[in-house]
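Everything numeric in this text was worked out from a predicted model, so none of it was measured. Chain identifiers are assigned alphabetically (A, B, ...) following the order of the sequence lines, protein sequences preceding nucleic acid strands; residue numbering begins at 1 within each chain.
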Amino acid sequence: MFHGPAHDALRRQGDCEPSGATRPRFKDNPALYAMSRMTSSNASQDLRTHLAGLFDAALSVVAPDARATPVVLDRPKNSAHGDYACNLAMQLARVLGKNPRQIAQQILDQMPDSPWVSKVEIAGAGFLNIFLTPAARHDAVRRVFSTGTAYGKGSFGQGKKVQVEFVSANPTGPLHVGHGRGAAYGDSLAAVLEAAGYTVTREYYINDAGRQMDILSVSAWVRYLEACGESVPFPPNGYQGDYVRDRANELKAIDGTRYVRPVAQILDGLPEARDDDEPAVEARMDALIERTRSLLGEDFGHLTRYVLDRQVEGIRDVLNRFGVRFDMWYSERSLYDSGRVAEALALLDERGHLYVQDGARWFRSTAFGDDKDRVVQRENGLYTYFASDIAYHHDKIQRGFELTVDVWGADHHGYIPRVKAALQAMGHNPESLIVPLIQLVALFRGGEPVRMGKRSGSYVTLEDLLDDVGVDATRYFYIARKCDQHLDFDLDLAKSQSNDNPVYYIQYAHARVSSVLEQWGGDRASLPAADLAPLEAPPERQLLQRLIDYPDVIEQAARDLAPHALAFFLRDVAADFHSYYNSTHFLVPEEDVKLARLALITAVQQVLRNGLSLLGVGAPDKM
RNA sequence: GUGCCCGUAGCUCAAUCGGAUAGAGCACCGGCCUUCUAAGCCGGGGGUUGCAGGUUCGAUCCCUGCCGGGCGCGCCA
């Protein structure tokens, strides 16, 4: 049931080391990969399945014992090597102990004829190169027209429930450019997974519990008191950003002086702390949090909820503008309120994976490959962040997700082994969690890095970036890079409305097709019926093959969790189109030639539009 | 110190399960607008894939060891 690669993966991961930080790919996930290898229903798979069938037929005659050998079809880089290449003979050479070229000849002799194959050649060390007939390529246009916006969708994912959790930034401040990359990646990944046949839930985990949230509340409260004319020194480790003043002013506008308390009561007895004495500053903050809580009483909850809601609202607004929408906003606090944290820990305890030491409760994560055991409940009784995360991931699985994807910043990679350990300790499959890591983003302006300091509040927000660069270019620049590569974001290039900017290159191809069709002025509904026989020239063949490849690209991008592959593909399609445009006039007098060419470029436009849509980039008709 | 990620053309990056002659864009040089949008096209130079071994028909890809850069290693989140 497992094919070779999956079997290798199974062996490789059998001992379940904390290997989560490696670049995640479905092929490393045996269960998912093995099943996916057996499906074939997207448009191009019809062709691939057909071709593979020809080889299977030959294989069962030539080497019946090796019938299970998977038939792999590559797309050769060199067109002289045909449209598809098969290395079956070379694979068999080892097993049969015969010369690959000799085996290739035997396979070739036994392959059935096909209306889609013009010839098969033996080349190189024993490759079998397949050359398609025009009919095989023309069929792709028909499929694009018949499926339209659905062209490219496949069933690789078999409807499996997948959750993609991404961004999940603390609501204690606005999103910055690093979050933007995670947002673009996560959203495009989710879209690609959907297109590949998964049932996807996009989720944002709100860290609305814990000390950071308290610090935000206190920061807002102090600013509020300032706004009300009370003078309370602002804590040096509070949140300094202007947005905190905004929240404070809003509170004053809505609730008036409801949260005002006598300054003397606030400051009385608070521990002293010099700004440069960090432990003292933190201790003072803890005291201030406690003081705020006791002085405000029930009002503390009101204030916190207001500030939190507004912060989350702000984040949601920016993400909406960025084209990113979530199906679920999951509250960390709700994990506590519903008792899920206690439940998850009880489960671990039942299974004997918790112990008490130095007054704290520990999870024995070393039993599952982690470097050291982890505290889940502190000596002071408070749960750690890890505790709620255990509960959260337990809950994800209970909600029926067969696969959960956590998109994290690369600086969190050390956290992966302990979460996987927790999953395993609770009796779940740790491989159901895949964690793509997003590397850092560095902004460049005028060839110089843009300096950002979180302390000083001088960092560039995602909103700034959208104001500056625009949604389409921002999304494209974020996504046109493997996620595990550092990203140098060239602001000048992204902003430039010039031929240097790759995002416009693709959009321009799309707009050009619209322009030609506009110029033509005919009935587009007539194009699907066009006779494609005139499409024989090399650039036409090239574009037809792009149409065929598109569904494969989607599947590949899904399998590798690599939406950047789609970005590169679309650029290549645009390049082929521009080349065709310059070499060939479409609106020629010969009606049959004209209709065939218009049908082709309309199909190309559909693929561009479908692909750009998955990336969250617009497909304009005019530029 | 230890764990993870990365190292490909001058720069920014690709490379389809380990496949055939490692590809684009930018920059540089030279051409193409009387013709569907020149935000475009065509051509040219540019490489010991960080280094050294190993695995095999075949390695940018897998393994080992070095070199260089980044990140992590809390009863923080």
Side-chain angles (χ1 to χ4, degrees), chain A residues 3-6 8-9 18-23 25 27 33 70 72 74-78 80-81 85 87 90 93-94 99-100 123-127 129 170 172 207 209-213 282 357-362 371-372 374-380 382 384-386 389 409-417 437 439-440 480-482 484-488 490 493 496-505 507-509 511-520 549 552-553 556 559-560 564-565 568-569 571-572 574-575 577-588 601 622-623:
Chain A
H3 291 283
D8 289 341
S19 58
T22 57
R23 185 145 68 97
R25 307 170 98 189
K27 72 175 185 197
Y33 189 67
V72 177
D74 277 341
R75 291 265 300 110
K77 294 170 204 158
N78 186 340
H81 296 143
N87 64 356
M90 285 134 83
R94 211 168 305 174
N99 179 339
F127 287 102
N129 293 335
N170 279 332
T172 49
N207 297 113
R211 185 164 179 266
Q212 296 307 317
M213 195 59 227
E282 298 301 335
Q357 185 178 308
D358 302 330
R361 283 173 97 198
W362 298 70
D371 292 337
K372 53 181 81 167
R374 309 291 173 177
V375 170
V376 291
Q377 191 171 18
R378 287 185 260 168
E379 197 178 359
N380 63 11
L382 294 178
T384 61
Y385 176 84
F386 182 41
D389 232 19
D411 55 341
H412 286 69
H413 75 259
Y415 200 75
I416 296 171
L437 297 171
Q439 290 292 342
L440 297 177
R481 186 80 76 255
K482 266 192 306 213
D484 54 10
Q485 289 275 358
H486 287 264
L487 171 60
D488 290 337
D490 185 336
L493 178 58
S496 72
Q497 305 254 321
S498 78
N499 47 3
D500 294 344
N501 195 334
V503 67
Y504 297 125
Y505 183 82
Q507 293 184 317
Y508 185 42
R512 268 185 154 176
V513 176
S514 290
S515 177
V516 172
L517 292 174
E518 181 77 13
Q519 204 81 27
W520 169 52
D549 287 342
D552 290 341
V553 171
Q556 189 70 40
R559 185 182 330 210
D560 293 343
H564 78 276
F568 280 94
F569 173 79
R571 196 192 43 111
D572 290 343
F577 171 77
H578 286 308
S579 178
Y580 183 42
Y581 181 96
N582 275 274
S583 70
T584 311
H585 203 71
F586 306 146
L587 301 176
V588 292
I601 65 170
K622 280 193 170 72
M623 287 178 72

Length of the CD-C1' vector between A:Gln357 and B:G74, whole Å: 15 Å
Sugar-phosphate, base or nothing in reach of A:Ser514, heavy atoms under 4.0 Å: nothing
C1' atoms of B:G46 and B:C29, separation to the nearest Å: 12 Å
B:G7 and B:G50, which share atom name P, separated by this distance in whole Å: 8 Å
Phosphate OP1/OP2 of B:C6 contacted by A:Lys482 side-chain N/O (<4.0 Å): no
Shortest side-chain distance from A:Asn78, nucleotide among B:U21, B:A20, B:A39: B:U21
Side chain of A:Asn170 (C-beta onward), nearest among B:C36, B:G40, B:A77: B:A77
Over all atoms of both residues, closest heavy-atom pair of A:Gly126 and A:Met90: C-SD, 3.6 Å
Side chain of A:Asn87 - closest among B:G40, B:U12, B:G19: B:G19
Below 4.0 Å: OP1/OP2 of B:G74 and any side-chain N or O of A:Arg378: no
Under-4.0 Å side-chain N/O to phosphate OP1/OP2 contact, A:Arg374 with B:G74: no
Donor/acceptor link under 3.5 angstrom from A:His412 side chain onto base of B:G72: no
P gap between B:G47 and B:G10, integer Å: 7 Å
Between B:G40 (P) and A:Asp572 (CG): distance, integer Å: 15 Å
B:G68: pairing nucleotide in any strand, Watson-Crick or G-U under 3.5 angstrom: B:C6
Pairwise C1' distance, B:G45 and B:C5 [rounded to whole Å]: 35 Å
Where the chi angle of B:C67 falls, syn if within 90° of 0 and anti if not: anti
Inter-nucleotide P distance (B:U2, B:U48), Å rounded: 33 Å
Heavy-atom donor-acceptor pair, A:Asp74 side-chain to B:A20 base, under 3.5 Å: no
Nucleotide of B:C75, B:C13, B:A39 approaching A:Trp362 most closely (side-chain heavy atoms): B:C75
Sugar-phosphate only, base, or nothing, as touched by A:Ala410 at under 4.0 Å among non-hydrogen atoms: sugar-phosphate
Residue A:His413, side-chain atoms from C-beta onward, closest of B:C76, B:G3, B:A24: B:G3
Length of the CG-P vector between A:Asp488 and B:C13, whole Å: 5 Å
Proximity to the side chain of A:Asp358 - top-ranked nucleotide from B:C75, B:U12, B:G40: B:C75
A:His413 side chain to A:Ala410 backbone, donor-acceptor under 3.5 Å: yes
A:Gln556 side chain, from C-beta outward: closest of B:C41, B:C36, B:U16: B:U16
Under 4.0 angstrom between A:Thr384 side-chain N/O and B:C76 OP1 or OP2: no
Pairwise C1' distance, B:C51 and B:G69 [rounded to whole Å]: 16 Å
A:Arg481 side chain near B:C13 phosphate (N/O to OP1/OP2, under 4.0 Å): yes
Presence of A:Tyr581 side-chain N/O under 4.0 Å of B:A38 phosphate oxygens OP1/OP2: yes
Below 4.0 Å: OP1/OP2 of B:A15 and any side-chain N or O of A:His564: yes
Whole-Å gap separating P (B:G23) and NZ (A:Lys77): 7 Å
A:Arg75 CZ to A:Asn78 CG distance, which is reported to the nearest 0.5 Å: 11.5 Å
Nearest to side-chain heavy atoms of A:Glu379, which nucleotide of B:C71, B:A20, B:C75: B:C75
Side chain of A:Val516 - closest among B:A77, B:C4, B:C36: B:C36
A:Phe586 and A:Tyr580 aromatic ring geometry - parallel, tilted or perpendicular at 30°/60° bounds: tilted
Distance, rounded to the nearest Å, where A:His486 contributes NE2 and B:U12 contributes P: 13 Å
Residue matched to B:C41 through Watson-Crick or wobble contacts both under 3.5 angstrom: B:G31
Atom-to-atom span, CZ of A:Phe577 to P of B:G40 - whole angstrom: 13 Å
Residues A:Asp552 and A:Gln556: side-chain donor-acceptor under 3.5 angstrom: no
Complement of B:C76, any strand, by Watson-Crick or G-U distances under 3.5 angstrom: none
Which nucleotide in B:C13, B:U35, B:A39 has an atom nearest any side-chain atom of A:His585: B:U35
Distance, P atom - from B:A22 to B:G44, rounded to whole angstrom: 16 Å
Nearest-angstrom distance from the residue atom CZ of A:Phe127 to C1' of B:G58: 8 Å
Base partner of B:U49, which must satisfy Watson-Crick or wobble distances under 3.5 Å: none
Below 4.0 Å: OP1/OP2 of B:G70 and any side-chain N or O of A:Gln485: no
Short side-chain to backbone donor-acceptor contact, A:His81 and A:Ala123, under 3.5 Å: no
Quiz item: cation-pi between A:Arg512 and A:Tyr581, 6.0 Å / 45°: yes
Rounded distance (Å) that lies between atom C1' of B:C13 and atom CD of A:Gln439: 15 Å
Gap in Å between the two P atoms, one belonging to B:U21 and one to B:C26, rounded: 28 Å
